[in-house]
Each structure stands twice: as C-alpha cells, then as structure tokens.
Amino acid sequence: MRRLRLVVTSTAVVCGLLAAALPAAADTARVPARYTGQTLDWHACAPDELADLPPGTDIAGLECATYRTPRDWDRPGDGQDLTIAISRLKSTGTTTASVLTNPGGPGGPGRWFPVELRGQRKLREHQEIIGIDTRGTGRSTNVTCGGAASTGADLDPRDRDPRNLNQIVDATRYLATACHQAAGELGELISTFQNVRDLDLLRTLLGRDRINWIGYSAGTWLGAHYAQQFPRHTGRFVLDSSTQFTGSWQQSFDYQPLGYERRWRQDFLPWLARSDAKYHFGASGEAARQTYESVRYALTREPVEVNGTKIGAVKLDSFLVGALKAKSQFPAIAAVLVQVKTLTDARASAEAKQDARAKLGKTLSEAKKTGPMGVAAQAGADDAMVSTLITTLCNDGPWKGDRQSLIRRSQEYLDRGITLHSSLWMGLQVCAFWPGQTRPRPVLDGKGVPPVVLVQSEHDPATPIEGARKAHAAFQNSRMLTVTGEGDHGIYGIGGNQAVDEVVDKYLVDGVVPRDQSLPGLPLP
C-alpha cells in the first residue's frame, strides 16, 4: 500500500468563511492585477522543496512553482503578500483539466502529494494533478506556535487525580495563549476563509474556469467550503474520509474517541488475537485488550527508554492513534506491543529486554518512514504543521467548553469504556481557550453546488462515519460511497481498492455521477 500521510487531527468541517467578502459572483474582479497577472514558473522539484517528503519517494516528473497571494483577503489591495508553494504532475496526454489535491490536517504539506496518485492512469490521461502547501505550512509562508505545542503532552487524563486534571487543562489553556501570541498577526489569517480564496486565485493562474478536487480528511472540509463559496468554479469534487463539514470542527473531533475505540476493539484487537500463536498477546480481542491495559499501567509506573526517548503510556496511545488509520500498519503495531510488553515484564531476561529495545527502536523508525502521517505526527510533527492546525481550527469558529466541562466530558468517555483516544481528546480542546477573534460559521448546505462525491470507510477512526453521514444528509446533491468492512483513513487512489477507484474515476474523468452505494473494502493483512 502506498502512503497517505494524514495528520491525526485530520477531522471536522465548517467554521470560518464570511460569504460577504469576495462573493463568488464577483469572482476575481476585486483581486488586484498584480496577483491575477502572475506567471507560474514551473521547474523540476528538488527534494528540499518538498516538506515532509517520505524517504524514498519517487518525485520524478513532479514540477514546483510558487505564487503570491494577498496576506489578508479582507484587504486584498493592501500590498502585503504571502507565498504559496505548489506542484504539478503533468497529464500523460493533452491537458484539459486541473485536479487540486489536499492530504488533510489541516496543515499537512501537500506539495509532494501528487506523486501518490501517479498510478491513476485514467485520471492522468487529461488532468494535471496539483499539490499545495496551504498558507502557514510546508514551503509556503510559515506560521509558528513558538514550540508551545508539546506543552503537557505526557500528562495522562486517565489519571483522575484533580491535580493532574487541572494541570492538563492549564497546559491546554497555556497552549492556546502561547500559540496565539507567537503566531501574531499572521496567525489570525490562517483560516479556511483565507484558504479558499488562495485556491480560487490559483484556479485563475492555472487558466481554469472550473477546478476538480481530491481532498482527504480535513481536505474534505476545505473542498466543501470552496464548493459552497465558488459553485460556478466547482468541477468534480471528491471528499474522501469526510469530516462533518456541515457542522463545526469541534463536532467532528468529538466523534474521534468513539471512532478510534471501534477501530481498536472491532478491527485490530480481534486481528491480533487470531495470531496469538505468533504474538502471545491474548487469544481473544478482550484478552488482548486486557494485556494492553496491563502493559499500559506498567508504563505509567515506569516508562521505557528507546534510543534516548522515554515511552510512557500517553506516547504509546499516541502511536496507536496514528498507526490505526491504515491496516498496513497492523503488523508494526503488533510488533511494538510485543516489544513494549517484554520491556515492562519483570520476568523477562536482560538479554530479552536488550533484544526488544533494539527491535522497538527499529520498528518505530520504520513506522515513521512508511506509515500514515499520523504515526510521525504523534511523535512530533514540525512546528509549522501543528501551528497551522491549531490556528485554522481556532480561527474557523468558536469552540464551547471550560475547565469543568472538559473534565466532565473526558470522564463521560471513560465511563463508556472509550479509553484509547482519551490521552489526546482533552489536548484537542485548545480552541475552547483561544483568545483571538473568530468568524461566524457560514451555512454549508450544498445549495447551488454541483454534485460532490463522498468516499467513506465504515470504521474510519479519524473521521468516523457518523460525521460523514451527517454531512452527506445536510449537503444537497452529494453522493456517498460507503466502503464496507473497511477502516482505513483515505481510500481513493492510495488504498488499492480497485472497485472504489473505478467508480471515482468515472466521476472525475467521465462525469458519471454515482448513486449512493456500498462497495467492499479490502481484507486485513
């Protein structure tokens, strides 16, 4: 399976567009000619021009360029610019259309991503594939949180001591304040409202009346917002692994604890148990879960050290949250669990522990290189990526919550047996304490928008199907392909599912709008 590098916080939808500014009907009439008259200087991409490029990725044929965009689309004539880094993979024949891509996040660098779709022969016959580092991240103008994103990262919310819980909330509040301060005036301009207008300027520079779109995870939010704001320039839009883009970012993220617990208990643990003769972790899913709980508890008492890094309970949870998004990572997850189990076993010999420590270091290193973005992101995504994530989520609209409600809701998840994602959920509530101004959420109902196609796996942990179904129901003229027996986050073009690819290609290339339907997923490894 090829890699889909999606940030774990790749989730939910609407929040930050004012329909008043640069309305779709006006198109680019209010955009100064210094922006619309730019020429894209395409050249062969060098590896150092591609942020977050997975090692060993073939970038042959990928071309890079940059363009200037107004720093603030509320004031496009003030003369202050940002730089947006883009790429293209040319079509194999005569180019008649451009399909823009986004790998999620928000904040995941996407300039390198077109090479992941290199093998989509039907798509590439007449469409160039465009990659984008959205404002704030990658090789575009960067935003920063000043390194504050790691604050409180090792605090465990399953420790219900009031002092610990208050410390977690204090750390979350500090992150909001510190990030807002470090990001400064630029931070206030990292939002969906600004992004969709950057995209429409790019459409103009590409010479297209309409653009096509393939967006994964948070890229579904961005694509849906563009389509609602610029329906006349909306071509064929694919929203893969969908957020609840007709609601709020907070609503989408609130589905994640359930989604990850389902993926953990219904997919991974039974799979692990079926190979108990190999892994010795438990002969049933529940037995394997109990073993994990024992290992996790041992880590709360004494973390293990690997290659100079201490791995405690929260770090192990974070690794799982990243890796569970792709079934191809299941063997790596199993190997990590077995090795950590050995390192926490008082009965294990020194030789066995030394061997487990060496194997664990190698396994984690390989997972970062070849796994989904979430694996690397949980181990420490770069500052620009995390800062773009936080500023986008917080600027896109208000979040509800305070100290008491966050502690209470985290307890409600635990009371329901939802534990795996609990280490991350409270930290994701940073926007509840955001000190900056936010825009009112625009209405996303799909009125006047051409047909868009959602692709959604049943057990997607990062953007659970409950949110996708709500978005589909509320967004007029949308279609939904439900991939049954599947839990991967990211399907079209990267998951090897030929049945899904065939239906989506007919839509993207031939304009055949599919009906709502279910398609089978691929088996576990």
Side-chain angles (χ1 to χ4, degrees), residues 1 8 156-158 241 255-300 311-345 348 356 359-360 363-364 367 371-372 374-375 378 410 412-425 456-466 482-489 495 520-525:
M1 281 180 124
V8 67
D156 187 358
R158 290 177 67 176
S241 305
Y255 288 120
Q256 281 194 342
L258 171 63
Y260 276 102
E261 198 71 26
R262 179 168 54 208
R263 177 68 156 166
W264 173 242
R265 293 190 184 226
Q266 296 185 26
D267 291 353
F268 176 75
L269 289 173
W271 173 88
L272 182 67
R274 287 195 292 273
S275 297
D276 187 51
K278 178 179 181 180
Y279 297 116
H280 308 292
F281 220 78
S284 68
E286 178 59 21
R289 191 185 71 83
Q290 291 293 342
T291 302
Y292 176 77
E293 289 297 320
S294 297
V295 171
R296 189 188 190 281
Y297 177 75
L299 291 175
T300 66
I311 298 176
V314 175
K315 274 193 170 62
L316 185 58
D317 285 347
S318 297
F319 168 79
L320 293 173
V321 165
L324 282 170
K325 289 187 289 185
K327 70 172 77 69
S328 61
Q329 290 295 305
F330 280 16
I333 299 173
V336 166
L337 293 180
V338 169
Q339 291 147 11
V340 174
K341 177 173 176 284
T342 299
L343 290 172
T344 57
D345 186 353
K359 288 180 178 178
L360 180 58
T363 301
L364 291 175
V375 176
Q378 293 312 304
S410 68
E412 290 171 356
Y413 282 125
L414 294 175
D415 290 343
R416 293 165 57 193
I418 298 174
T419 60
L420 184 64
H421 195 267
S422 64
S423 298
L424 299 174
W425 180 84
Q456 186 68 34
S457 65
E458 282 188 313
H459 285 186
D460 186 328
T463 51
I465 196 168
E466 289 81 1
T482 302
V483 188
T484 60
E486 181 62 79
D488 277 11
H489 183 60
L522 300 180
L524 295 175

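In this chain, numbering begins with 1 at the start of the sequence shown. It should be emphasised that the depicted structure is a prediction, and the values quoted were computed from it without experimental measurement.
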Gap separating the OG1 atom of Thr363 from the CD1 atom of Ile333, nearest 0.5 angstrom = 12.0 Å
Check: Gln329 side chain, Leu324 main-chain N or O, donor-acceptor pair, under 3.5 Å = no
Applying salt bridge (Lys or Arg N to Asp or Glu O under 4.0 Å), which residue pairs with at least one partner in residues 267-277 are found, sequence neighbours left out?
-> Arg263-Asp267
In chain order, what residues pass the side chain to side chain donor-acceptor pair (under 3.5 Å) check against Lys278, with sequence neighbours excluded?
-> none
Residues Val321 and Leu420: closest non-hydrogen pair is CG2-O, 4.3 Å
Scan residues 412-423 for pairs that pass salt bridge (Lys or Arg N to Asp or Glu O under 4.0 Å), counting only residues two or more places apart or in two chains.
-> none
What distance separates Tyr292 OH from Leu269 CG, expressed to the nearest 0.5 Å?
-> 10.0 Å
Those residues that, when tested against Gln266, pass side-chain contact (heavy atoms from CB on, under 4.5 Å) (two or more places apart) | Arg262, His459
Would a 4.5 Å heavy-atom cut-off, applied to side chains only, mark Leu522 and Glu486 as touching?
-> yes
Of the non-hydrogen atoms in Pro461 and Gly487, which two are nearest, and what is the gap between them?
-> CD-O, 3.3 Å
What residues, two or more places apart in sequence or in another chain, satisfy side chain to side chain donor-acceptor pair (under 3.5 Å) together with Gln290?
-> Glu286
Not counting sequence neighbours, which residues clear side chain to side chain donor-acceptor pair (under 3.5 Å) with Ser410? List them please.
-> Arg160
Between Ala287 and Ala283, what is the shortest heavy-atom contact and its length?
-> CB-N, 4.1 Å
Got a second to check how far His421's NE2 is from Trp264's CH2, nearest 0.5 Å?
-> 14.0 Å
Which distance, rounded to the nearest 0.5 Å, do you find between the CG of Leu258 and the OH of Tyr255?
-> 9.5 Å
Would you name the heavy atoms of Thr463 and Gln456 that are closest together and state the gap between them?
-> O-NE2, 2.7 Å
Contacts of Thr419 that satisfy side-chain contact (heavy atoms from CB on, under 4.5 Å) - sequence neighbours left out | Arg158, Glu261, Glu293, Leu414
Of all the heavy-atom pairs spanning Ala313 and Thr300, show the shortest one and how long it is.
-> CB-CG2, 3.6 Å
Under 3.5 Å: donor-acceptor pair, side chain of Asp488, backbone of Lys327 = yes
Could you tell me which residues satisfy salt bridge (charged side-chain N to carboxylate O under 4.0 Å, His left out) with Lys315, sequence neighbours excluded, listed by chain and number?
-> Asp154
Donor-acceptor contact below 3.5 Å, side chain Thr291 vs main chain Phe281 = yes
Who passes side chain to side chain donor-acceptor pair (under 3.5 Å) against Trp271, sequence neighbours left out?
-> none
With side chains defined as the heavy atoms from C-beta onward, is the minimum distance between Leu360 and Ile311 less than 4.5 Å?
-> yes
Taking every heavy atom of Tyr279 against every heavy atom of Pro331, the minimum-distance pair comes out as OH-CA, 4.2 Å
Any side-chain heavy atom of Leu320 within less than 4.5 Å of one from Tyr260?
-> no
Looking at residues at least two apart in the chain, or sitting in another chain, which of them share a side-chain contact (heavy atoms from CB on, under 4.5 Å) with Ala298?
-> Thr344
How many angstroms lie between CG in Asp460 and CD in Gln256, if you round to the nearest 0.5 Å?
-> 9.0 Å
Output the distance between atom CG (Leu524) and atom CG (Leu272), rounded to the nearest 0.5 Å.
-> 11.5 Å
Sequence neighbours excluded, which residues qualify as salt bridge (charged side-chain N to carboxylate O under 4.0 Å, His left out) partners of Asp317?
-> Arg296
Would you say the side chain of Ile465 lies within less than 4.5 Å of the side chain of Thr482, judging by non-hydrogen atoms?
-> yes
